[in-house]
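In what follows, a single structure is set out as structure tokens and then discussed.
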Amino acid sequence: MGWAGWTELQRHLWHEEMQRAGVPTPLPFNVSMIGPVLIQFASQEMKERFLPATASLDIWWSQGFSEPDAGSDLAGLRTSAVRDGDDWIVNGQKTWTTLGQYGDWIFTLVRTDPAVKKQAGISMLLIDMTSPGVEVRPIQLIDGGHEVNEVWFTDVRVPGENLVGEVNQGWTMAKFLLGNERVGVAPVAMVKRMLGRAKEVAADQLDDPVVRARVAELENELLALELTTLRVVAHSDGGEPHPASSVLKLRGTELQQAVSELVVDLAGPASLVPPDSESDLPLWARRSAPVYLNYRKASIYGGSNEIQRQIIAGTILGL
Amino acid sequence: MGALGLPFSEEDGGMGAGPVEVGLVAQEVGRVLAPEPYLAAVVLAGGVVASLGTDAQRAEVLGELSSGNLHLALAHAEPGRRWSDTASSVTATLVGDEWRISGVKEPVLHGDAGTLVVTAALPEGGTGAFLVAGESATTTTATAYDGTRVSRVVLDGARGVPLGEAGADATEGIAVALDRARITACHEALGAMEAALAATTGYLRSRKQFGVPLSTFQALTFRAADMYVAVELSTSMVWWATMVAAERDATATREAAARAALQVSRAGRLVGQEAIQLHGGIGMTAEYLVGNLKAHLTALDHLLGDGSHHLRSLAQGVAAYDALDPLA
């Protein structure tokens with residue numbers, strides 16, 4: 001992945017610089033999610049088969065975790081994988097598959113033992129999305145865009161060697177992956193950039209003391225989050241994410257939403273005009289409402305913010 | 001233990017430590033609500049002497065302060081004014097070759113002290129700082145709601161010895177001491193918030209209502225989680241400001257102090273209020289810890305500038321840069 005020898009802190013700083021420069025960051029499904037899981041849990045054979053293509057983006061990965069009845073209650077998933085000789089036969093439905101329309105492969109959590117406690121009967125399978133029986137259906141969202149999908153599996157035949165780690169070890173890998181995901185979903189530099197840009201394009205409104213105060217308060221909150229992120233990242237070396245990574249997810253997404261809300265307020269009536277129409281109004285203003293609406297997702301995905309509060313209360317505070 | 005001399009140089013009789021060590025002490029003071037005038041005597045009054053005094057003054061005053069022989073207090077706040085670096089209604093006049101100080105200072109933390117550091121408006125403009133013998137002022141002292149001793153100090157032509165160069169404007173030196181004290185107050189608040197959170201989570205685990213521990217009610221545990229988030233974010237900000245104070249210039253320290261104070265003001269209110277609410281009635285009682293922690297958090301919040309005060313100053317400057325950089 002080009003950063004094999006890097007510490008968590010170095011990796012974090014590199015990410016922040018990329019965001020600050022407005023450069024698209026590497027596909028998170030590849031580098032933050034399945035990549036580290038393969039490094040940690042996969043057989044040598046599987047690593048050699050998948051890691052180079054994951055690093056070079058020859059495989060665009062999708063994430064097949066959430067299901068219609070198992071969102072935040074991830075362990076309640078029902079998509080099943082049943083042995084048939086050396087293969088697995090997969091049936092079920094995944095949802096909220098982000099950018100799944102571009103996916104070559106999907107890493108999925110599947111139920112391999114329905115008889116045991118729900119966390120204990122889950123495995124992780126890698127599935128070629130061109131396999132017969134895989135169908136990707138778009139979901140339209142309130143911002144007018146298409147970024148999530150349903151993925152349906154109907155008698156999809158998956159070779160036995162595509163199982164990651166051991167059978168029924170999936171929950172361990174899922175928790176490992178989600179911990180990393182939480183660290184990654186506090187895009188402080190991106191939000192700072194968004195706020196900095198808002199100040200630039202709406203400079204005439206900075207005379208308004210109410211606007212100024214709102215900006216200053218958000219900047220301070222972002223600074224506190226940035227410093228906290230550095231603390232958490234610096235203590236995350238050695239695989240296990242710092243337990244306080246839940247703070248980053250919780251607060252990072254709240255601030256991301258708050259800044260997008262400020263931007264739509266700065267745009268005012270101009271926010272009603274669609275971004276793709278012919279207009280005299282600036283593009284940032286016309287994009288502001290779709291972005292604001294789109295970011296309502298942030299406190300839901302990656303373990304909703306209520307789940308993060310539950311983790312903080314349970315794991316950190318012992319409640 | 002040398003705690004009194006931590007911030008002062010060894011030549012001045014101190015320990016030659018810095019804001020980091022002072023912060024650690026203040027955090028413990030806040031955690032246990034120690035009724036010691038550490039912030040008042042060492043950081044505020046001692047801080048003004050350290051930034052303005054001559055070599056001889058520093059060695060004498062700070063040496064005595066560090067060894068615990070001298071009780072020093074800063075008389076700076078004036079009735080009718082809110083968190084200013086300057087003095088206005090208390091004035092200094094030159095009578096012959098002696099400086100005479102007149103006016104009322106209030107509130108003065110632990111003002112019933114052996115020696116007062118008094119700020120006063122100078123005849124030619126600007127603000128000076130003077131050493132005044134405690135017995136040459138009329139002092140009445142009361143106990144504030146959090147147990148802090150607060151005094152009204154009346155000066156009626158009291159003799160003052162100028163700190164540093166006589167007649168020179170000392171506003172900058174006073175501001176430096178106030179900013180350092182703000183960061184130290186943040187540490188005290190941090191200790192108090194940690195104690196309030198720990199008491200609250202302990203209570204939620206042990207207290208039973210409707211036959212089950214309070215910790216089985218999600219509405220309550222989520223509020224405790226938000227308290228934790230506030231404490232963590234404050235911890236990051238306060239320690240960052242402390243490192244800025246230890247390594248950077250006065251301008252950088254001023255802004256960092258304002259940022260930490262804003263964060264801690266918001267967090268202190270949330271944590272203190274929620275600690276009482278989650279405890280229920282017992283949290284209101286004077287004999288129980290969390291009410292006292294909340295009272296002290298309230299006092300610290302209003303001592304050197306509350307959240308709105310610091311937000312106002314930070315808001316003035318938002319147009320001057322694009323994105324905030326903690327290392328810039």
Side-chain angles (χ1 to χ4, degrees), chain A residues 20 188-200 202-232 242-244 246-251 254-255 305-306 308-319, chain B residues 197-198 200-205 213-241 243 255-256 258-267 307-308 310-327:
Chain A
R20 201 153 72 160
V188 180
M190 189 270 266
V191 182
K192 271 171 68 172
R193 194 169 162 270
M194 229 166 104
L195 184 55
R197 174 110 177 93
K199 283 162 67 171
E200 191 186 313
D204 54 327
Q205 293 187 57
L206 286 180
D207 295 337
D208 179 345
V210 177
V211 171
R212 270 210 305 259
R214 238 174 118 183
V215 170
E217 185 110 41
L218 283 171
E219 285 180 340
N220 223 49
E221 297 281 352
L222 275 168
L223 175 62
L225 181 68
E226 180 175 9
L227 296 164
T228 305
T229 308
L230 288 169
R231 276 174 61 214
V232 168
H242 191 287
S246 288
V247 172
L248 309 185
K249 199 294 173 170
L250 181 57
R251 209 61 199 121
E254 282 176 352
L255 289 175
N305 283 8
E306 284 65 37
Q308 305 308 326
R309 286 189 175 87
Q310 210 157 305
I311 292 171
I312 292 167
T315 313
I316 302 177
L317 300 179
L319 295 175
Chain B
L197 176 61
T200 304
T201 53
Y203 189 79
L204 291 176
R205 274 193 296 266
L214 290 178
S215 60
T216 53
F217 298 104
Q218 192 177 59
L220 307 185
T221 61
F222 275 27
R223 292 168 72 161
D226 285 335
M227 291 167 73
Y228 171 80
V229 171
V231 174
E232 280 297 319
L233 294 172
S234 297
T235 301
S236 306
M237 196 76 121
V238 172
W239 279 109
W240 167 75
M243 288 181 249
E255 192 195 314
R259 294 197 174 281
L262 169 57
Q263 187 76 27
V264 166
S265 172
R266 300 282 191 255
S308 301
H310 293 297
L311 180 61
R312 195 174 297 114
S313 74
L314 292 169
Q316 296 297 332
V318 291
Y321 53 88
D322 50 3
L324 197 61
D325 184 350
L327 301 177

Can you say whether [X] sits under 4.5 Å from chain A via the side chain, the backbone, both, or neither, judging by heavy atoms?
X: B/Phe222; answer: both
X: B/Arg266; answer: side chain
X: B/Leu197; answer: side chain
X: B/Gln218; answer: side chain

Pairing residues for A/Gln205 by the side chain to side chain donor-acceptor pair (under 3.5 Å) criterion, not counting sequence neighbours: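 Residues passing side chain to side chain donor-acceptor pair (under 3.5 Å) with A/Gln205: none at all.
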Step-by-step salt bridge (Lys or Arg N to Asp or Glu O under 4.0 Å) determination, A/Glu217 to A/Arg214: CA-CA 5 Å; A/Glu217 185 110 41; A/Arg214 238 174 118 183; over 6 Å; no
Could you look at [X] and say if it's the side chain, the backbone, both or neither that has a heavy atom under 4.5 Å from chain B?
X: A/Arg197; result: neither
X: A/Leu206; result: side chain
X: A/Ala203; result: neither
X: A/Glu226; result: side chain
X: A/Leu222; result: neither
X: A/Leu230; result: neither
X: A/Lys192; result: both

Can any side-chain N or O of A/Lys249 pair as donor or acceptor with the backbone N or O of A/Gln308 at less than 3.5 Å?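 Not confirmed, A/Lys249 side chain does not pair with A/Gln308 backbone.
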Check whether B/Ser265 reaches the backbone of B/Ala261 with its side chain - one donor and one acceptor, N or O, closer than 3.5 Å.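 Answer holds: no.
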For each of [options], tally heavy-atom pairs with chain B at distances under 4.5 Å, and name the one with the top tally.
options: A/Gly314, A/Ala224, A/Ala313; result: A/Ala224
options: A/Val215, A/Thr228, A/Val247, A/Ile312; result: A/Thr228
options: A/Leu195, A/Ile316, A/Val211, A/Asp207; result: A/Ile316
options: A/Gln310, A/Arg20, A/Met194; result: A/Gln310

Please report the closest heavy-atom contact between A/Asp208 and A/Val210, naming both atoms and the distance.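 Taking A/Asp208 first and A/Val210 second, the nearest heavy atoms are OD1-N, 2.8 Å.
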Applying side chain to side chain contact (heavy atoms under 4.5 Å, CB included), name anything that partners A/Pro209, two or more places apart in sequence or on another chain.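 Only A/Arg212 meet the side chain to side chain contact (heavy atoms under 4.5 Å, CB included) criterion with A/Pro209.
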For the pair B/Tyr228 and B/Thr201, evaluate side chain to side chain contact (heavy atoms under 4.5 Å, CB included) and give the outcome as yes or no after the intermediate values. CA-CA 10 Å; B/Tyr228 171 80; B/Thr201 53; over 6 Å; no
Flag the one option from B/Asp226, B/Val229, B/Leu314 with the top tally of heavy-atom pairs under 4.5 Å to chain A.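 Maximum pair count with chain A is reached by B/Asp226.
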Using side chain to side chain contact (heavy atoms under 4.5 Å, CB included), reason through B/Gln263 and A/Glu221 one step at a time and then give a plain yes or no. CA-CA 7 Å; B/Gln263 187 76 27; A/Glu221 297 281 352; 3.9 Å; yes
Show your reasoning for whether salt bridge (Lys or Arg N to Asp or Glu O under 4.0 Å) applies to A/Arg251 and B/Glu232. CA-CA 11 Å; A/Arg251 209 61 199 121; B/Glu232 280 297 319; over 6 Å; no
